[in-house]
Amino acid sequence: MQFVKNHLTPTVKRLNDDPKVAKSPQNKKTLTKVNNSNKQQNLESKFKSKMNELYLQDQDQLCAASLDIVQQNEDRKTMKAMESMKNQLTSYSQEREIMLDEIKKLKEQLNAQPTSEYAKKSLILEKSIEMLRKADLEKSEQLQAKEQNLQELQKQMQAFNESQGFINDLKNQQIEAQKNQAELKNQIQDQIRQINELQKVINEKEYQHTQFIQSQQQQDFNYQQQIQQLQSQINELNNLLSQKSSQISEDFELIKKLEYQIQDLKGKIRVCVRVRPTQRDKIQFQFPDSFNYRKQMNYQTQNQRGVDGRDANKEVQTEFDRVFNTKENQNDIFDEFSPLVGQIFDGYKTLIFAYGQSGSGKTYTQYGNPEAPGVMPRALEYIFSKVEAIQNQVEIWVQFFEIYNDKVFDLLADQTCENLKQSAVERKPFEAPSCKVQIIGETVKLQGLNQVRIHNIEEAMDLVDVSQQRRKTSATVLNDTSSRSHAIFQIHVEQIIKGQTLKGSLTIVDLAGSEQIQNANVDEKRKEESIFINKSLSCLSNVFINIKSGGHVNYRDSTLTKVLQEYFQGNNKVVMVVCLNEDAGCYQETLNSMNFAQRVRGVSINRK
Ligand SMILES: Nc1ncnc2c1ncn2[C@@H]1O[C@H](COP(=O)(O)OP(=O)(O)OP(=O)(O)O)[C@@H](O)[C@H]1O
């Protein structure tokens, strides 16, 4: 452009300024050419200035647009800037096209007037145009480059927009997180408030607890003082108690001595009578309420001969060691005998017989039933209560056997305390094995007789069941009714005292029925049974009578007296309970029993 300016401008100026040149035809032609040349120069300068203007505008606007894009980062504005730039470029190209056309026309005009100078100038002009074109090409390349930059910028804008979306998401998340944080803050504040309230409650409780502990400590202190006072009182009482207990043990010893004296005074052989009640016609027994209360029993003979064979319808007075009337129960019976049971712990032996006709209450008295337990279960209970109370090592053993036709049969054969319960439910007939009676010097031994150790009252009661059951089942094997045999239950108490064994025992005998067999038609078996029963009961009464009278006592004539002889010796005690039936139908047998009772007691009957 500068080149065009430098070469064209002086020529045109010179031609216009010279008036001579302008007036001649040659000159006119020349002047026309000069005017054309000036026009061309004007156009060129116009073109040049326009190009510069556009170029500068273009540069400034591009920069401004870029800055605007970079600074504002707003898509819309960028797009607008780009739009206007494009528009400008388009208009610039259009203008350029127009200018090129004009230049082309000028060139054609110039070519139509060939002069050497003009040709030269035209050549120069062409070169200028060529340069212009080159510049134009460069310009368009620059524009292309800028366009590429612009596209690059657009891409960046797009990326930026995308990242803006991501940032917006992040911002939303941040807002959400801020919300959550605010909620959390609220929750935490709530919790802190609750914790504060709780802390208040805890403080209150702690205060109460402290108060409570203080009051407790005060109470404890008071209690301690009371305890100390009580302790000293207890000590005093203990001293008093030990004094009293030594006094009591002395008293106890005294009582025991007196008890023994009473028992001795009652006699080592006692005969008691028990009358069982009946709902039918009764023998008129009277039990006088007198000095001899519980010892006397009177009755009226009933148009029959009295027991001494004298007049009938007389009032007969009898006296025994104890009379149990029809109203006295099982408890009254055991109360009478319990001191004798207690003596077995001092090494004594006690023997309690029940004598009487069949149905007079022998078994009821000795064994009883679950509702009204008799002497045997009560004695076991009593013995075990004593075992618990004493410190000594104690063993309790039991034996149970029957004497039938003078032979001994073991009712506890094969029995142990372990199989007691099972035996109690057995219902099959039990065949008791016989045992041989062996006499070595003064001692009598029953060979093979089993002895069962029992440890507590439960086992003792199981044993009562077994013995009752076995006696019943055995009766069906040995004899028709149990009253045909003597049933003997023995309880042995063995104590270890200071290394010494102290043995005591209680024997409970349910004798065979004492009734006489009147009927001559009874079978041989019954007759034989009767002979053995009569013989053994007669031997027993002789033993009683001879002991009372101080005569010679023969135990060897019957197995019954043989096996029980040790009970009649020394300080041992023997009790005969004669059971009577007040039923008028049993009158004769009752008289016979009373006769037996009187004989063994050694007191004659008084008659009025
Ligand atoms: N004192 C009494 N009070 C109430 N009932 C009694 C009394 N004595 C006996 N009995 C009842 O009389 C019935 C016969 O008694 P028990 O079996 O004891 O007679 P027993 O003399 O043993 O006869 P047996 O010699 O035939 O065995 C039984 O039902 C028993 O319950």
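Keep in mind the model is a prediction, meaning the values are calculated, not measured. First listed ligand is number 1; within each ligand, the first listed atom is number 1.
Taking 4.0 Å as the cut-off, Ser360 counts as a neighbour of ligand 1 on heavy-atom distance. Between Gln366 and ligand 1 there is no heavy-atom distance shorter than 4.0 Å. Using a 4.0 Å heavy-atom cutoff, Arg274 is listed among the residues neighbouring ligand 1. At least one heavy atom of Pro277 sits less than 4.0 Å from an atom of ligand 1.
In this structure, Phe532 has its ring center no closer than 6.0 Å to that of Tyr404.
A salt bridge links Lys527 with Glu524: at least one charged nitrogen is closer than 4.0 Å to a carboxylate oxygen.
For ligand 1, the polar-atom distance check against Thr363 finds a nitrogen or oxygen pair separated by under 3.5 Å. On a distance-only criterion, Gly359 and ligand 1 share at least one N/O pair closer than 3.5 Å. Annotation: Leu511 places no N or O atom under 3.5 Å from an N or O atom of ligand 1; distance criterion only. Considering backbone and side-chain atoms alike, Arg276 places an N or O below 3.5 Å from some N or O of ligand 1. The N/O atoms of Tyr364, backbone and side chain alike, include one that comes under 3.5 Å of an N/O atom in ligand 1.
Close contacts between ligand 1 and Gln357 involve ligand atoms 21 (O) [criterion: under 4.0 Å to a heavy atom].
Taking CE from Met594 and CZ from Arg599, the interatomic distance works out to 13.5 Å, rounded to the nearest 0.5 Å.
When the salt bridge (charged side-chain N to carboxylate O under 4.0 Å, His left out) test is applied to Glu528, no partner is found at least two apart in sequence or on another chain.
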